[in-house]
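The chains referred to below are lettered A, B, ... by the order of the sequence lines, with proteins before strands, and numbering in each begins at 1.
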Amino acid sequence: MSAPPLLVTCGLPYTNGPCHLGHLRTYVPADAYVRYMRRTGEEVVFVCGSDNHGTPIVVSAEAAGVTPRQMSEKYHEHFDRTFRRMGVVFDHFGMTDNPANHARTTAIVKQLIARGHIYSQVVHQAYCTKCRRFLPDRYVEGICPHCGASARGDECDQGCGKHLEPGEIKEPVCKVCGTKAEFRDQEHFFFRLSAFKTYLLPFLESVRGTANAKNYAIGWIKEELHDWCITRTLDWGVKFPGRDDLVVYVWVDAPIGYIAFTEEWAEKAGRDWKRYWCGDNRVTHFIGGDIIYHHCIFWPALLHGAGYGVPHAIVASGMLKVDDHKFSKSRGYVVWTNEDYLDRGLPADYLRYYLLAYTSHTKELNFSWKLFAERINNEVVNIFGNFVNRTLQFGQREFNGIPEGGADPAIMAEIDKTCAVVDGFMRDYEFKSAVDAILALAAYGNTYIQGNAPWKLVKTDRAAAAQVIRNAAQLAHALALLIEPVMPEKAQECWTMLGYSDRIADHRISDAKKPSRTGAIPPPRPLFARMEEEKVIELDELLHKRVRDADRKSEKIPVVSLEEFQKLDIRAGRVLSCEPVNKSNKLLKLVVDIGTEKRQIVAGMQQFYKPEEMIGKDVVVVTNLAPAKIFGVESNGMILAAGDAASLLVPLRPVEPGSKIR
RNA sequence: AGCGAGGUGGGGUAGUCAGGAUAUCCCGGCGGGCUCAUAACCCGUAGAUCGAUGGUUCAAAUCCAUCCCUCGCUACCA
């Protein structure tokens with residue numbers, strides 16, 4: 001009991017939008033880790049909370065006609081509820097805008113000031129006179145001074161890609177309201193981050209967690225550390241001590257939330273928060289790969305500067321992709337936890353399994369409904385679920401439950417081995433490998449039953465058949481205990497089906513190695529339902545529709561001048577002949593009378609029109625389109641049609657072929 | 001541009017840090033078995049110049065160098 005206490009945190013969800021798979025990629029593994037560690041007998045505190053400050057929340061709140069606090073509370077409750085539904089259970093889920101965090105942040109900033117780590121400097125900053133607020137770079141748009149392209153405040157993102165210093169951008173405009181922005185000078189406060197370089201290097205060399213976090217941060221530090229501007233001109237946030245017009249930057253008070261939430265928890269639980277933050281600790285941060293910088297560099301420097309203990313481990317997850325595309329809300333590549341998943345009656349445990357079993361924690365995780373269904377059906381349902389089911393069904397029918405006696409040493413040895421392997425992987429944050437090892441034990445169970453064929457044995461040697469089922473039940477017992485951190489609900493169901501009446505989470509993982517229960521069991525039924533194909537297609541279609549909608553919305557339509565438009569020669573034409581193009585199932589070859597001449601045109605409308613119904617139709621033709629060879633057939637123009645089903649554009653009243661269209 | 005991650009049979013994915021003799025697992029192909037089980041399970045089999053080139057070594061997917069390709073990050077965005 002001399003090991004320092006283990007405190008696990010998750011990166012804080014920002015309260016301006018709902019929970020999606022990107023969030024869960026961090027929270028589910030953290031929860032599984034906590035569940036596992038607890039069930040090895042460790043005392044673990046698991047805290048998190050919502051991140052409420054910053055300009056984006058003020059902007060979102062204004063747009064929604066509510067206060068930032070109301071906005072934050074709405075999403076705070078949303079995340080709290082969603083995490084519970086996903087089986088992610090924190091000991092405390094706080095808010096960074098609550099008094100505890102205001103107090104802790106103020107105290108830490110004051111300590112930093114007292115220790116000389118903060119200095120002031122005048123900063124040149126964009127200000128919107130209409131919104132009456134200073135604009136962070138992401139809210140400024142303008143013209144790049146280097147190449148003249150339109151650019152964001154901090155970078156010429158569409159042109160030359162150069163980094164822009166504040167104040168450099170030409171014709172700055174407020175992104176929120178479109179008003180011309182101006183630059184104003186304002187006194188701000190900076191944290192002497194550059195002074196911590198020599199402290200941070202050895203810290204990072206020794207910090208535990210995943211290699212991606214560590215390497216990334218070390219690489220960065222070796223480059224150059226700039227001091228951090230830690231104040232913002234904003235009303236919403238934690239006031240900078242002694243300055244009513246400034247709040248601290250959210251990246252100061254957000255991580256300090258970890259401490260404040262521990263304090264709030266300790267208050268409830270009658271514990272001492274200092275045990276976790278002032279001295280030796282095992283504070284373990286689970287974070288997304290996008291905030292490594294803040295947790296590996298800024299945060300330890302802040303803690304060290306203020307005289308607190310620094311993190312023990314930083315565990316960073318890899319990226320999430322959806323349908324092999326970069327996760328993107330605006331492009332539609334997103335899966336919402338409630339709307340798309342839980343509200344459709346899908347089990348939280350399936351998603352937990354997928355997120356944990358897909359790949360290493362630090363690698364890119366691709367989500368697609370097809371892959372999801374495949375993994376669930378093949379691994380969870382077929383291998384794991386089927387093993388438990390066949391064992392219990394057979395036991396129930398032939399032996400009225402689980403036969404008495406102990407399990408064979410070979411079976412116990414297999415369980416021992418699996419437990420040891422899983423333990424190593426869990427402690428290394430290698431969740432996929434741990435899940436693989438558990439599934440391998442289930443596969444072992446299937447091979448074992450298959451090889452010993454109790455359904456045959458029962459006819460010749462009833463006792464031997466009973467022993468096979470007894471052994472299989474021991475494996476099922478171990479599997480339930482091992483899978484609990486991954487699929488807590490299903491593990492409990494499995495546990496109950498094995499005839500236990502208590503809570504599986506109250507048992508140690510090591511109980512897998514103890515003789516399992518024998519005797520009567522409740523009527524067995526399949527543990528897992530398959531993902532049915534129609535359901536998968538429906539879910540997949542939903543995602544694709546969202547991507548298409550997003551596509552349509554974001555499509556940038558360039559403005560065309562009258563001169564440019566007049567370059568097009570569009571005329572009425574009459575179809576003289578029409579036939580399918582050889583070896584193509586989409587193309588039609590048409591000859592169209594356009595008044596002055598007859599034109600051969602190839603059009604992709606075979607699925608929508610029969611050749612004979614085209615003949616004689618009056619159509620609209622772009623006649624001066626550059627000729628092209630399609631499928632070896634020359635095409636001299638384009639027949640206009642609308643929509644995906646190529647609804648033909650036709651003149652409402654009869655016109656002569658060749659009539660100009662404008 | 002810099003930094004980081006990755007390129008492994010048809011698809012996906014492990015192994016690379018601590019080099020080793022038949023390169024993992026899931027799906028798919030082919031052949032067989034079982035019939036307790038949710039058409040689930042088991043066995044066998046085909047299929048990989050482990051991105052390219054060069055090097056170190058008795059031995060390289062694994063170490064080194066160069067190159068090619070993909071993706072992410074670049075701090076006053078949360």
Side-chain angles (χ1 to χ4, degrees), chain A residues 11-17 51-57 60 123-126 134 136-139 152-155 161-163 165-166 188 190 193 211-212 215-220 222-232 249-251 254 288-294 297-298 318-319 321 324 326 357-360 362-364 366 368 370-371 374-375 377-379 381-383 385-398 430 432-433 436-437 439-440 443 445-458 465 468-469 472 524-530 532:
Chain A
L12 312 182
Y14 199 57
T15 45
N16 73 340
D51 182 8
N52 313 135
H53 297 143
T55 307
I57 284 177
S60 305
V123 166
H124 203 51
Q125 211 186 350
F134 282 91
D137 285 340
R138 67 185 313 198
Y139 286 108
R152 292 200 315 241
D154 55 342
E155 185 200 357
K162 283 203 177 92
H163 172 78
E165 289 298 317
H188 276 282
F190 283 74
L193 185 60
N212 57 339
N215 295 344
Y216 187 68
I218 289 174
W220 210 330
K222 284 185 175 162
E223 292 282 301
E224 202 191 349
L225 281 183
H226 295 215
D227 290 346
W228 263 59
C229 178
I230 56 159
T231 46
R232 293 293 181 276
Y249 179 35
V250 281
W251 269 114
D290 52 341
I291 52 174
I292 290 173
Y293 179 85
H294 307 88
I297 297 177
F298 187 57
M319 342 219 64
K321 283 178 134 191
D324 224 27
K326 186 177 148 61
Y358 184 84
T359 188
S360 299
T362 57
K363 292 206 172 162
E364 181 178 273
N366 185 25
S368 89
K370 195 169 160 277
L371 244 43
E374 215 173 273
R375 296 292 293 259
N377 287 344
N378 289 324
E379 297 168 27
V381 182
N382 292 354
I383 296 176
N386 184 236
F387 169 67
V388 173
N389 190 232
R390 70 199 297 204
T391 299
L392 297 182
Q393 296 269 12
F394 194 83
Q396 180 74 326
R397 190 173 49 207
E398 292 293 334
E430 288 290 355
K432 184 244 186 336
S433 298
D436 278 354
L439 260 284
N446 277 318
T447 309
Y448 172 74
I449 281 208
Q450 196 72 32
N452 290 281
W455 51 90
K456 274 185 189 162
L457 211 49
V458 77
V468 173
I469 294 305
R525 56 186 174 74
L527 196 53
F528 302 103
R530 300 179 67 77
E532 297 301 341

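Remark: C1' of B:G11 and CZ of A:Arg375 are 13 Å apart, rounded to the nearest angstrom. When rounded to the nearest whole Å, the span between CD1 of A:Ile291 and P of B:G72 equals 19 Å. Regarding A:Lys321, its NZ atom lies at a distance of 7 Å from the P atom of B:G72, rounded to whole Å. One can place NZ of A:Lys370 at 9 Å from C1' of B:C27, the figure rounded to the nearest angstrom. Summarising the geometry, the separation between CD on A:Glu374 and C1' on B:G28 is reported as 9 Å, rounded to the nearest angstrom. Between the CZ atom of A:Arg390 and the P atom of B:A37 there is a distance of 10 Å, rounded to whole Å. Following rounding to the nearest Å, A:Glu430 (CD) and B:C17 (C1') show an atom-to-atom distance of 12 Å. Whole-Å rounding puts the A:Phe387 CZ to B:C41 C1' distance at 11 Å.
No donor-acceptor distance shorter than 3.5 angstrom exists from the side chain of A:His53 to the backbone of A:Val250, with no hydrogens or angles considered. Checked by atom type and distance alone, the side chain of A:Asp51 never pairs as donor or acceptor with a backbone atom of A:Pro13 at under 3.5 Å. With A:Lys432 contributing its side chain and A:Ala357 its backbone, the two residues share a donor-acceptor pair below 3.5 Å. With hydrogens and angles ignored, the 3.5 Å screen pairs a side-chain donor or acceptor of A:Asn366 with a backbone N or O of A:Asp324.
Look at B:A52: its Watson-Crick or wobble partner, with both distances under 3.5 angstrom, is B:U66. Across every strand in view, B:U13 sits unpaired, with no contact that passes the Watson-Crick or G-U test at under 3.5 angstrom. Using the Watson-Crick or G-U wobble rule with both distances under 3.5 Å, B:U74 pairs with B:A1. Within the shown strands, B:G29 is the pairing partner of B:U45 under the Watson-Crick or G-U definition, both distances less than 3.5 Å.
Residue-level contact check: A:Val250 touches the backbone only, with heavy atoms under 4.0 Å from sugar-phosphate atoms and none from bases. Residue-level contact check: A:Asn16 touches neither bases nor backbone, having no heavy atom under 4.0 Å from any strand. A:Pro526 comes within contact range of at least one nucleobase, with a heavy-atom separation under 4.0 Å. Residue A:Lys432 is in sugar-phosphate contact alone, with no base atom involved, counting any heavy-atom pair closer than 4.0 Å across all strands shown. Within 4.0 Å of A:Leu527, counting heavy atoms only, lies at least one base atom of the nucleic acid. Heavy atoms of A:Asp51 sit under 4.0 angstrom from primed sugar atoms or phosphate atoms, though from no base atom. Within 4.0 Å (heavy atoms only), A:His226 reaches at least one base atom of the nucleic acid. Residue A:Ser360 is classed as a sugar-phosphate contact, given heavy-atom separations below 4.0 Å to backbone atoms only. Within the nucleic acid shown, A:Phe528 comes within 4.0 Å of at least one base atom, counting heavy atoms only.
Taking the six-membered ring where the residue is Trp, A:Trp455 and A:Phe394 present perpendicular rings, their angle passing 60° and hence far from 30°. Relative orientation of the A:His294 and A:Trp228 rings is perpendicular, given thresholds of 30° and 60° on the angle between their planes.
Going from the P atom of B:C50 to that of B:U24 covers 15 Å, rounded to whole Å. Across the P atoms, B:G9 and B:G15 are found 16 Å apart, a figure rounded to whole Å. Distance noted for atom C1' between B:G19 and B:G4: 25 Å (whole Å). Distance check on atom C1': B:G7 versus B:U53 gives 16 Å, rounded to whole Å. For B:C63 and B:A21, the P atoms lie 16 Å apart once the distance is rounded to whole Å. Spacing between B:C67 and B:C73 at atom C1', rounded to whole Å, works out to 23 Å. To the nearest whole angstrom, the two C1' atoms, one in B:G12 and one in B:A48, are 15 Å apart. Annotation: B:G44 and B:C26 have their P atoms spaced 12 Å apart (nearest Å).
Regarding contacts with the backbone of B:C41, a side-chain N or O of A:Asn382 is found under 4.0 angstrom from either OP1 or OP2. Regarding contacts with the backbone of B:A37, a side-chain N or O of A:Arg397 is found under 4.0 angstrom from either OP1 or OP2. Regarding contacts with the backbone of B:U13, a side-chain N or O of A:Tyr358 is found under 4.0 angstrom from either OP1 or OP2.
In this structure, the side chains of A:Met319 and A:Asp290 stay at 4.5 Å or more apart for every pair of heavy atoms. Contact check for A:Arg390 versus A:Asn446: side-chain heavy atoms found under the 4.5 Å cut-off. Side-chain contact between A:Tyr448 and A:Val468 is present, with at least one heavy-atom pair separated by less than 4.5 Å.
Set against B:C73, B:A40, B:G15, the side chain of A:Arg530 has B:A40 as its closest nucleotide. Closest to the side chain of A:Arg232, out of B:C76, B:U38, B:G15, is B:C76. Side-chain proximity of A:Cys229 to the nucleotides B:C76, B:U38, B:C71 is greatest for B:C76. When the nucleotides B:U38, B:C36, B:C26 are ranked by their closest atom to the side chain of A:Asn389, B:U38 comes out on top. Relative to the side chain of A:Trp455, the nucleotides B:C26, B:A37, B:C36 differ in distance, and B:C36 lies closest.
Take the nearest nucleotide of RNA chain B for A:Gly451 and for A:Asn378: the residue whose nucleotide is more 5' is A:Asn378. Heavy-atom nearest nucleotides on RNA chain B were determined for A:Asp436 and for A:Lys456, and the one closer to the 5' end corresponds to A:Asp436.
Residue side chain A:Gln450 reaches the base of B:C41 through a donor-acceptor N/O pair under 3.5 Å, judged by distance alone.
Under the stacking criterion of a centre-to-centre distance below 5.5 angstrom and an interplanar angle below 30°, A:Phe394 is not stacked against the six-membered ring of B:C36.
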